[in-house]
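Structure, as structure tokens:
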Amino acid sequence: MEQATPSLRGTCAQDRVAPGGRPGFLDLTQAAAKERSSVALPSRPRAALSALLACTALSATLTVSVPCPWAVGRSGLVLAQSPAEPAAAPPPPVTVYLDGWRLDFDVPPQIVDGRTLVPFRLLSEALGCDVDWHEETRRVTGLDPVTGREVVLVIGDTTARVDGEPRTLDVPAMIVDGRTLIPLRFFSEALGAEVGWHQETRTVTVTSPCRPMTVLGYYALGSAERTSWEALFGRPFPETGFGATDIISELACAWFVLDPRTGAVVTDDSYSAQRRPDSWETILDAAAGAGLEAEMMVHWNRTSGGVTDPVIYDFLSSPLAQERALRDILAYVGPFRGVNLDIEGLGQRQSGEDLEATRRKFTSFVELLAEALHRRGKTLSLSLHPLNSWYPGYDWEALGQVADRIVIMAYGYVPVDRPEPLEKVVEAVDLALEVVPKEKLLLGLLLAKDLETGKDIGETPDTLMAKVGLTKRRRLHGVAIWRLNNVGDERWTALRRSVSRPPVLEIVVRSADGAGTERRLDTTGTPPVMRDGRIYVPLTPVLTQAGIGVDWDGEAGRATVDLGSTRVVLTAGAEAGEEPGPAPVVVRGTLYVTVTQLLELLERYSPPPGTPEVTATWDQEGRRLVLTVGTGP
């Protein structure tokens, strides 16, 4: 016999009570063939529905009472005052910050099985990678041009490859709205970046990997308590240590000031307090011993009543004064690599023909200086106010064609005790990139201290890393720090996380078997450094790449090297070789030895059976160290 299909009907008992019902409840009657029963259902809708459906198997007329969420109004059913469960609010969108800068994606980040996926191209290029899409295989490739690391993902495949080695993914790359989305954490960490997830704000923070780049430090005189010498070399004058020489690769010596009235270049200016120290030759010798090149900085910045002193415009209109300036600069430039010209304040409150004349005259003087320097094998750098500053008196496009490099002085937008707004710095960089090649540009960073307390003010470690991160994303030549004696320990630490100086030598690992392939050892984060003309290399990364075991005890400053037949213990501050020589030192948290000491260790290496031999050749003139692994034919 065919069973009757249950039916439901109900009446609202908000203002009146139906027989057997309760105020504020909805009476539902299930009509069937036999008995009649009545029950009050739970107030939660899902539980009420489950109980109701469980009763439908009864061949009965069932009257149930559930809370009525409606009241009867003139227009029909309306919401009553009885409480109801609010609808769950949708979660906020996921936001991604790279070095403090928000990344805006054309397809929003997606969370799939607990993993954040983002558009491949934008993330890859933001991390400085070259990107490639292969349509036939549906494969994406990100290549880091600095380290040579390659990350390959295939759409829908949970196996990725990092430098050819397979890695398993929790979630594969996929295509959403025509864009390839990849797992953010996996890809970023494969390239050496740090990734953080903040659940409360659904925010992903990415800190880009350390990058070698030019870091120009302005060397200026300071107080007795805070000097550029100690900031650079880490020791009181005239002692030398490594200090910040693992970061700084070049100096601009702020010792020379232009006198625009006569065109003379003076070395003791009372207005700016810039002067050449009596020990300037010692400074240059120590810099050379650390592998640092130096420029002579010629500076002028003077105001009258808050406005640029008009005497500078007299200089730009005087051929005689300019001739004197050129003559003095060429007389001083001998021991320097070149000149860093910093003439500030041009074009303030100018417009029309006056502004165009200022730009034209300054460019003309720069052209004369560049020609004279280039004839002598010297370089010319310019430190310029940015295109979004109060000083429009610089023809950036013309100057970019003449100068070898330009420092974008992207600061002065806010009082010195506040960090420069990142959006203004980004604007300054992007405007410069419209007219000057990125290879010629350095981003200027103003680091200040409170004169009374000596505390860091202005840029914090986080805002500093954000601006260095901008330099990486735009692939500029480097950064320039004004000035060395104002950096401070916390900001040095932040810089050390983000940048290292370009290596002073190339380390290559070569295979003696088969085709004899070779690869350059990536020393980013632990760059070779120099002191007193000697090159120091990081012990653990070099020997590990050659297959030699090293046990490093950072707390004790001690490394134990397994040379096969013997073990050698090297301790920071203790002589490393049989002959007296420089002691190993700790730089960036790891032990460094001289190239000579490294070669001595490799000569003593006796590989265990089945382990390849390791030999080393050192081209001192070309600064190239080659480690050959394997016996070969």
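Screening residues 260-275 for salt bridge (Lys or Arg N to Asp or Glu O under 4.0 Å), with sequence neighbours left out, gives D259-R261. Sorted by first then second residue, the salt bridge (Lys or Arg N to Asp or Glu O under 4.0 Å) pairs that include residues 280-294, not counting sequence neighbours, are E293-R337.
The closest donor-acceptor contact from the side chain of K424 to the backbone of Y411 lies at 3.5 Å or more, if one exists at all. Proximity of a side-chain donor or acceptor of Q348 to a complementary backbone N or O of G345 within less than 3.5 Å is not detected. Distance alone, capped at 3.5 Å, places no donor-acceptor pair between the R474 side chain and the D430 backbone. Counting only distance, with no hydrogens or angles, the side chain of E420 and the backbone of G412 share a donor-acceptor pair below 3.5 Å.
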* Asked: ring-ring contact (aromatic ring centres under 6.0 Å, His included) between Y592 and F242: does it pass, once the steps are laid out?
  -> CA-CA 11 Å; Y592 277 63; F242 288 100; 7.1 Å; no

* To do: List the steps and the verdict of salt bridge (charged side-chain N to carboxylate O under 4.0 Å, His left out) for E371 and R375.
  => CA-CA 6 Å; E371 182 182 0; R375 282 202 307 266; 3.4 Å; yes

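Aromatic pair F315/F365: ring centres closer than 6.0 Å.
Salt bridge status for R491 with E459: absent, with no side-chain N to carboxylate O gap under 4.0 Å. In summary, R558 and D553 engage in a salt bridge, as defined by a charged side-chain N under 4.0 Å from a carboxylate O.
More than 12 heavy atoms of other shown residues, nucleotides or ligands fall within 6.0 angstrom of atom CG in D417. Counting heavy-atom neighbours within 6.0 Å of R497 CZ, excluding the residue itself, gives a total of 12 or less. Remark: E239 CD is packed, more than 12 non-hydrogen atoms of other residues, nucleotides or ligands lying under 6.0 Å away. Counting heavy-atom neighbours within 6.0 Å of R567 CZ, excluding the residue itself, gives a total of 12 or less.
Among residues two or more places apart in sequence or in another chain, the ring pair (Phe, Tyr, Trp, His ring centres under 6.0 Å) test is passed with Y313 by none.
Donor-acceptor pairing under 3.5 Å is recorded for the side chains of T524 and D522. Looking at Y391 and T308, their side chains never bring a donor and an acceptor atom within 3.5 Å of each other.
A distance of 5.0 Å separates OG1 in T262 from CZ in R324, rounded to the nearest 0.5 Å. Taking CD1 of I312 as the start and OG1 of T303 as the end, the distance is 13.0 Å to the nearest 0.5 Å.
The only option from W280, F256, W255 that meets the ring pair (Phe, Tyr, Trp, His ring centres under 6.0 Å) definition with Y332 turns out to be F256. Of the candidates T471, L476, V407, L441 forms a side chain to side chain contact (heavy atoms under 4.5 Å, CB included) with just one, namely L476. When each of T560, L601, V550 is tested with L570 by the rule side chain to side chain contact (heavy atoms under 4.5 Å, CB included), just one qualifies, namely L601.
Between W229 and F237, the ring planes are perpendicular. Angles over 60° get that label, and only those under 30° would be called parallel. Between H299 and W482, the ring-plane angle classifies as parallel under the 30° and 60° cut-offs.
Nearest heavy atoms, T207 versus M465: CG2-CE, 3.7 Å.
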